[in-house]
Amino acid sequence: MANSDYKTIVKDGLWDNNGVFSMLLGMCPCMAMTTSATNGFGMGLATAVVMAASSYLVAVFRNRITTEVRIPVYILIVAAMVTVVDLGMNAWMHELYKVLGLFIPLIVSNCLPLARLEAFAAKQSPTPAFLDGLFMGLGFTIALTAIGAVREIIGSGTLFADASLLLGPSFKVIEMRLLPADMGVLMMILPPGGFIVTGLLVVGKRLMDLAAGKEIQMAGAHAL
Amino acid sequence: MKEFALMMIGAALVNNVILARFLGLCSFMGVTTRVDTAAGMGLATTFVITVSSMADWAVQTYLLDAYGLGFLRTVTFILVIASAVQFTEMTIKKVSPSLFQMLGIYLPLITTNCAVLGVALLLVEGKMGFLSSTMFAFASSVGYSLVMIIFAGLRERLVLAHVPRLFAGPPIAFIVAGMLAMAFMGFSGIATS
């Protein structure tokens, strides 16, 4: 594959075709695990690892998987990768694992990995498939961190609180307090805030695309 | 009996699967453009959630716990759910062809609905008995169907509203969902679960 193709994969994954803001896939962790920027970041990274690994495996075995049974095979591959991440996080990042809890095994039924396997990895050789999974996953991480940051700043006035506890002591530097503690709007941390912030950020991405002179992506609108 | 009633109200309304636990959002956004399809999806999902949590309970108790295979839970549960969906599809086709026609393409999609796996995993965490876990699963899925139908009704009205172009489609739907979630927060305090 030519270099420009790799560039497109990276750009599509991170921004142009962002899993959350453009395709509106994988909404469940996107709302549930974004009460703080740190949670969103951790959830996004776990998903990125699963996506990169399962895209690579599906691309390796793409000629052996028959079309009739492909969906169960994909789900099983994703489930195996999720189990690996689940056990690994439990062992090495236990604090973060306790916060994310239920939503780590639920990566299995996140539609974003499955959508990329079906749309991309099943037709490509392993290297581009791996990169597509990785950068789609990183785009997902960016989206979750952004939603988490907005909700955390408005809701509790901090940014990346508890990062040193959840991600490791070296992350102490990014912990910030932007607003006094009593100014937080609790609604943003509670469930309604998740829906409203996500809706407004989708509008934000449309505005930025519009300012850059691109066509607004209404793709999600037709599917919905 | 009172505990059962409180638990079921808690599962259906207070800790609603969609609006409080954020499970099954893909179908919540995807198939709520019309009330009748939303109701069909709710019905089918209710059936699958109830059947698969009964099966998952048995698998967890007699297979995974009994032989210390807890680490295989995710893989096993997704297989059980996929088979439950397949079983549901075959049963409905045999018993009521007209209902099968109505649900059609939505049936296979239930496998990747995270509400199904989510409820099954919540039950394992809660360590409930067979009867109470089945009741919990049924009540949760009734709450799911309720919200699906309400939201579909809202969106049918939304189509007729003049929404700014930037907000058209998903963004305005999210904001309306946020308002619905606020309304459902009014139930908190009725029962805890």
Side-chain angles (χ1 to χ4, degrees), chain A residues 21-22 24-34 71-72 75-76 78-84 86-87 90 101-112 114-115 187 190-207 210 216-224, chain B residues 16 18-33 71-79 81-83 86 108-118 120-122 124-125 155 164-185 188:
Chain A
F21 293 141
S22 300
L24 296 158
L25 293 173
M27 298 316 305
C28 305
C30 192
M31 309 267 179
M33 282 300 123
T34 52
I71 300 289
I75 291 183
L76 276 185
V78 177
M81 291 303 115
V82 167
T83 307
V84 171
D86 191 62
L87 294 175
N90 197 358
L102 186 66
F103 279 85
I104 296 290
L106 280 183
I107 299 176
V108 178
S109 48
N110 185 334
C111 21
L112 185 57
L114 210 62
M187 186 57 83
L190 293 172
F195 286 110
I196 293 172
V197 169
T198 310
L200 293 179
L201 285 180
V202 173
V203 175
K205 182 180 189 282
R206 286 181 176 181
L207 268 178
L210 207 64
I216 313 179
Q217 278 214 354
M218 302 294 264
H222 300 301
L224 294 184
Chain B
N16 186 277
I18 295 177
L19 295 175
R21 292 195 201 273
F22 293 121
L23 297 170
L25 288 183
C26 297
S27 60
F28 178 59
M29 286 289 158
V31 287
T32 52
T33 40
F71 63 94
L72 285 178
R73 187 191 301 146
T74 315
V75 181
T76 333
F77 276 21
I78 201 78
L79 273 181
I81 290 168
S83 336
Q86 193 70 51
L109 287 179
I110 301 174
T111 313
T112 52
N113 185 337
C114 56
V116 184
L117 185 59
L121 291 171
L122 278 173
V124 175
E125 264 175 26
R155 285 184 78 171
R165 205 169 104 77
L166 275 174
F167 281 83
I172 193 69
F174 278 124
I175 292 168
V176 170
M179 290 172 185
L180 191 59
M182 273 186 222
F184 264 70
M185 282 177 64
S188 59

- Side-chain heavy atoms of A:P29 within contact of A:N110, under 4.5 Å: yes
- Task: Any chance you could measure B:F167, atom CZ, to A:R206, atom CZ, to the nearest 0.5 Å?
- Result: 9.5 Å
- Residue part contacting chain A, namely of B:I78, when any heavy atom lies under 4.5 Å: side chain
- Region of A:L114 that comes under 4.5 Å of a non-hydrogen atom in chain B: side chain
- Ranked by heavy-atom pairs below 4.5 Å to chain B, first place among A:L102, A:T83, A:D86 goes to A:L102
- Message: For B:L180, give me all partners under side-chain contact (heavy atoms from CB on, under 4.5 Å), at least two apart in sequence or on another chain.
- Response: B:L19, B:V147, B:I150, B:F151, B:L154, B:F184
- Would you mind checking which part of B:F28 comes under 4.5 Å of any heavy atom in chain A, side chain (CB onward), backbone (N, CA, C, O), both or neither? side chain
- Query: Tell me, do A:V84 and B:F71 make a side-chain contact under 4.5 Å, heavy atoms counted?
  - Reply: no
- Task: Can you sort out the partners of B:L79 under side-chain contact (heavy atoms from CB on, under 4.5 Å), two or more places apart, ordered by chain and number?
- Result: A:L76
- Message: Return the CE to CZ distance between B:M29 and A:F195, rounded to the nearest 0.5 Å.
- Response: 6.0 Å
- Note on the structure: Under 4.5 Å to a heavy atom of chain B? For A:M187 that would be side chain
- Item | Pairs of heavy atoms under 4.5 Å with chain B: top-ranked of A:V202, A:L201, A:L207, A:L106 | A:L106
- Task: Please flag which part of A:L190 lies under 4.5 Å from any non-hydrogen atom of chain B: side chain, backbone, both or neither.
- Result: side chain
- Query: Within the distance-only criterion (no hydrogens, no angle test), does the side chain of B:R21 pair as donor or acceptor with the backbone N or O of B:A115 below 3.5 angstrom?
  - Reply: no
- Pick one of side chain, backbone, both or neither for B:A177, based on which atoms fall under 4.5 Å of a heavy atom in chain A. both
- Item | Greatest number of heavy atom pairs closer than 4.5 Å to chain B - which of A:I75, A:V78, A:T198 | A:I75
